[in-house]
Amino acid sequence: MCEDPGTRRRRAESAILAHLARHPLAADTEQGIAQWWLGPMGVDVPLVDVRQALEALQRDGRIERATLPDGRAIFRAPRP
């Protein structure tokens, strides 16, 4: 049975938050999060769902986006 996009996004959100709970200083790009955080957890969702999960978590203030000097964006737990 195929999951709808909302369900996939929520699974990605939960997995991202679980990863950050275990690794509070972790930070990575969208692609890195999909491959290195979600992949080992068995959360295989399209990159668009990862992106939407990150956007939703950022809107809620549960993660933050930081821009590296080379212009790439990374996502991490909010810093005090």
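Small disclaimer: the values here were computed from a predicted structure and weren't measured.
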For residues 56-80, which residue pairs qualify under ring pair (Phe, Tyr, Trp, His ring centres under 6.0 Å), counting only residues two or more places apart or in two chains?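 Every candidate ring pair (Phe, Tyr, Trp, His ring centres under 6.0 Å) pair involving residues 56-80 fails, so no pair, neighbours aside, qualifies.
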May I have all residue pairs that pass ring pair (Phe, Tyr, Trp, His ring centres under 6.0 Å) and include part of residues 36-61, sequence neighbours excluded?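 Those involving residues 36-61 are His19-Trp37.
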Testing the basics here: between [X] and [Y], what is the closest heavy-atom pair and its distance to 0.1 Å?
{"X": "Pro24", "Y": "Arg79", "result": "O-NH1, 3.8 Å"}
{"X": "Glu13", "Y": "Ala56", "result": "OE2-CB, 3.4 Å"}
{"X": "Pro78", "Y": "Gly61", "result": "CG-O, 3.4 Å"}

State which residues pass side chain to side chain donor-acceptor pair (under 3.5 Å) with Ser14; sequence neighbours excluded, sorted by chain then number.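 Per chain and number, Ser14 pairs via side chain to side chain donor-acceptor pair (under 3.5 Å) with no residue.
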Could you measure the distance from the CD1 atom of Ile63 to the CD1 atom of Ile16? Nearest 0.5 Å is fine.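 One finds 6.0 Å between CD1 of Ile63 and CD1 of Ile16.
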Nearest 0.5 Å, please: how far is CD1 in Ile33 from CG in Leu20?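 It comes to 7.5 Å.
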What residues join Leu68 in its hydrophobic cluster, counting side-chain heavy atom gaps under 4.5 Å, either direct or through other members?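 Listed partners: Ile74.
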Hey, could you give me each pair passing side-chain hydrogen bond (donor to acceptor under 3.5 Å, both in side chains) that has a residue in residues 57-69? Not counting sequence neighbours.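 Applying side-chain hydrogen bond (donor to acceptor under 3.5 Å, both in side chains) to every pair that reaches into residues 57-69, excluding sequence neighbours, yields Glu64-Arg76, Arg65-Thr67.
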With a 3.5 Å cut-off and sequence neighbours excluded, list the donor-acceptor pairs that the side chains of residues 41-51 form with protein atoms.
from  : atom 1 : to    : atom 2 : distance (Å)
Asp49 : OD2    : Arg8  : NE     : 2.5
Asp49 : OD2    : Arg8  : NH2    : 3.2
Arg51 : NE     : Glu30 : OE1    : 3.1
Arg51 : NE     : Glu30 : OE2    : 3.3
Arg51 : NH2    : Glu30 : OE1    : 3.0

